[in-house]
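A short write-up of the structure that comes next.
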Amino acid sequence: PEPEPGPGLGRWGTAACVLTGASRGFGRSLARLLAPRLGEGSLAAELRGSGTGLRVECLAADLGCEQGLRRAIAALREVLPAAPPGRLILVNNAGSLGDISKSFLDLTDPDEINSYFAFNVTSALCLTSTALQAFGKRPGSSRTVVNISSLCALKPFKNWALYCSGKASRDMMFQVLALEEPDVRVLNYAPGPLDTDMQLLARTKTGDPEMRQYFQSLQESRQLIDCTVSAQKLVNLLEEDTFSSGAHVDFYDI
């Protein structure tokens, strides 16, 4: 008898999967978990060398500038219409902290602010709408959109005006998508305090000393979460598929 396939191996069937920010941190961990679940012939955008039988399209683009975003949009319009018909999975993971050394009153440069929101909000909106249009509504297929969110979408943090408002904006944006497109499964997933370069910045560059100490204490008390552990929880959520579309689900809620 042939050996049983490993846990999750190909269980999602042939699919098109698009993941932004897959080169490091949470995105990289998630890519490695998603790849084995995609059936042979699947299209995996930015899942680099992570599974046999996958067609992998890698695009390096600066989503914070118009030229880079337009390149990414063009790529989706090219590959998704011809993608396998079974399933579309889009994960909006790419994001940045902004200059967390600055307080609210320091944020006076329109170029800096517009650049932040271009990367963290505009690109997620444009890529999601483009992907859903390009893949289209197909009989018997499913479409799932994930926004990598944060506690900061719900709670204010000193010196994090850009990050908090960007995350709150994205959460609401995807809640609207869930209302407008009831056949699209939409999830805002907050992965918890991850052990990443972003957390290093948080505990060394945050302007407010109390906030900086808070982030330092998370590391010292070993409360930071391994990216693979949190990514696995997201995969489990997607496999169970029982969340309310548009919901904000935190790592600690599961």
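Nothing here was measured: the structure is a model prediction, and the numbers come from that model. Counting from 1, the numbers follow the sequence of the chain as shown. Only this structure's heavy atoms are used, side chains among them; waters, hydrogens and symmetry mates stay out.
- Leu187 is not listed as a side-chain neighbour of Asn147, based on a closest heavy-atom distance of 4.5 Å or more.
- Residues Thr196 and Cys227 meet the side-chain proximity criterion, which asks for heavy atoms closer than 4.5 Å.
- In Tyr252, the OH atom is crowded: over 12 heavy atoms of neighbouring residues, nucleotides or ligands sit closer than 6.0 Å.
- Going from atom CD of Gln133 over to atom OG1 of Thr128 covers 11.5 Å, rounded to the nearest 0.5 Å.
- Formation of a donor-acceptor pair under 3.5 Å by the Arg37 side chain with backbone atoms of Leu33 is found in this model.
- For the residue pair Tyr189 and Ser230, a side-chain donor N or O sits within less than 3.5 Å of a side-chain acceptor on the partner.
- Using a distance-only test at 3.5 Å, with no hydrogens or angles considered, a donor-acceptor pair links the side chain of Lys233 to the main chain of Ile254.
- Atom CD in Gln175 sits 6.0 Å away from atom CG in Asn188 (nearest 0.5 Å).
- Proximity of a side-chain donor or acceptor of Thr20 to a complementary backbone N or O of Asn93 within less than 3.5 Å is detected.
- Looking only at distances, a side-chain donor or acceptor of Ser245 sits under 3.5 Å from a matching main-chain atom of Val184.
- Side-chain heavy atoms closer than 4.5 Å link hydrophobic residues (I, L, V, M, F, W, Y) into clusters, and following such links, even through other members, never connects Leu200 to Leu218.
- The main-chain N or O of Pro110 is found under 3.5 Å from a side-chain atom of Asn114 such that the two form a donor-acceptor pair.
- A donor-acceptor pair is defined here as one N or O able to donate and one able to accept, closer than 3.5 Å; such a pair exists between the side chain of Arg170 and the backbone of Asn92.
- Counting heavy atoms from C-beta outward, Val145 and Arg185 have side chains that stay 4.5 Å or more apart.
- To the nearest 0.5 Å, atoms CG (Asp253) and CG (Asp250) are separated by 5.0 Å.
- With a 4.5 Å cut-off on side-chain heavy atoms, Val18 and Ile89 do not count as touching.
- Across every non-hydrogen atom of Leu63 and Ser123, the tightest pair is O-CB, 3.5 Å.
- Put simply, the side chain of Lys158 never gets that close to the backbone of Gly207: no donor and acceptor are under 3.5 Å apart.
- There is no path of hydrophobic side-chain contacts, each under 4.5 Å, that joins Leu154 to Leu162.
- Within 6.0 Å of CD on Glu112 lie more than 12 heavy atoms contributed by other residues, nucleotides or ligands.
- Counting all heavy atoms, side chain and backbone alike, Gly27 lies closest to Leu19 at O-CD2, 3.4 Å.
- Summarising the geometry of Phe157 relative to Leu151, their closest heavy-atom pair is CZ-CD2, 4.0 Å, with the distance given to 0.1 Å.
- Residues Val146 and Met172 fall into different hydrophobic clusters, defined by Ile, Leu, Val, Met, Phe, Trp and Tyr side chains chained together at heavy-atom separations under 4.5 Å.
- Formation of a donor-acceptor pair under 3.5 Å by the Arg138 side chain with backbone atoms of Phe135 is found in this model.
- Interatomic distance, Leu224 CG to Leu194 CG, rounded to the nearest 0.5 Å: 8.5 Å.
- Atom CG of Asp99 and atom OH of Tyr116 lie 11.0 Å apart (nearest 0.5 Å).
- Taking each heavy atom of Thr228 and Ser29 in turn, the nearest pair found is OG1-OG, 3.5 Å.
- The CG atom of Leu30 lies 7.5 Å from the SG atom of Cys17; values are rounded to the nearest 0.5 Å.
- Of all the heavy atoms in Gly136 and Arg143, the pair that sits closest is O-CD, 3.6 Å.
- For the residue pair Asp208/Thr206, the side-chain donor-acceptor check at 3.5 Å is not satisfied.
- Checking side-chain atoms of Asp195 against main-chain N and O of Ile225 turns up no donor-acceptor pair under 3.5 Å.
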Criterion side chain to side chain contact (heavy atoms under 4.5 Å, CB included) on Leu88 and Thr144, from CA distance to verdict:
CA-CA 6 Å; Leu88 171 66; Thr144 302; over 6 Å; no
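- Side-chain N/O atoms of Asp171 and Ser149 include a donor and acceptor closer than 3.5 Å.
- Looking only at side-chain heavy atoms (C-beta outward), Cys126 and Leu69 come within less than 4.5 Å of each other.
- With Ser169 as reference, Val121 is the one residue of Val121, Thr122, Asn120 to meet the side chain to side chain contact (heavy atoms under 4.5 Å, CB included) rule.
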Taking it one step at a time, do Ser150 and Tyr163 satisfy side chain to side chain contact (heavy atoms under 4.5 Å, CB included)?
CA-CA 9 Å; Ser150 168; Tyr163 188 78; 3.8 Å; yes
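- A donor-acceptor pair is defined here as one N or O able to donate and one able to accept, closer than 3.5 Å; such a pair exists between the side chain of Arg71 and the backbone of Ala60.
- Hydrophobic clustering keeps Phe104 apart from Leu97 (ILVMFWY residues linked when any side-chain heavy atoms are closer than 4.5 Å, directly or through intermediates).
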Mind running side chain to side chain contact (heavy atoms under 4.5 Å, CB included) on Glu181 and Val176 for me, showing each step along the way?
CA-CA 8 Å; Glu181 301 290 338; Val176 171; over 6 Å; no
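- A distance below 6.0 Å separates the ring centres of Phe215 and Trp160.
- More than 12 heavy-atom neighbours from other residues, nucleotides or ligands sit within 6.0 angstrom of CZ on Phe117.
- The two residues Lys167 and Cys152 come nearest to each other via the heavy atoms CB-C, 4.3 Å.
- Remark: Glu66 CD is loosely packed, at most 12 non-hydrogen atoms of other residues, nucleotides or ligands lying under 6.0 Å away.
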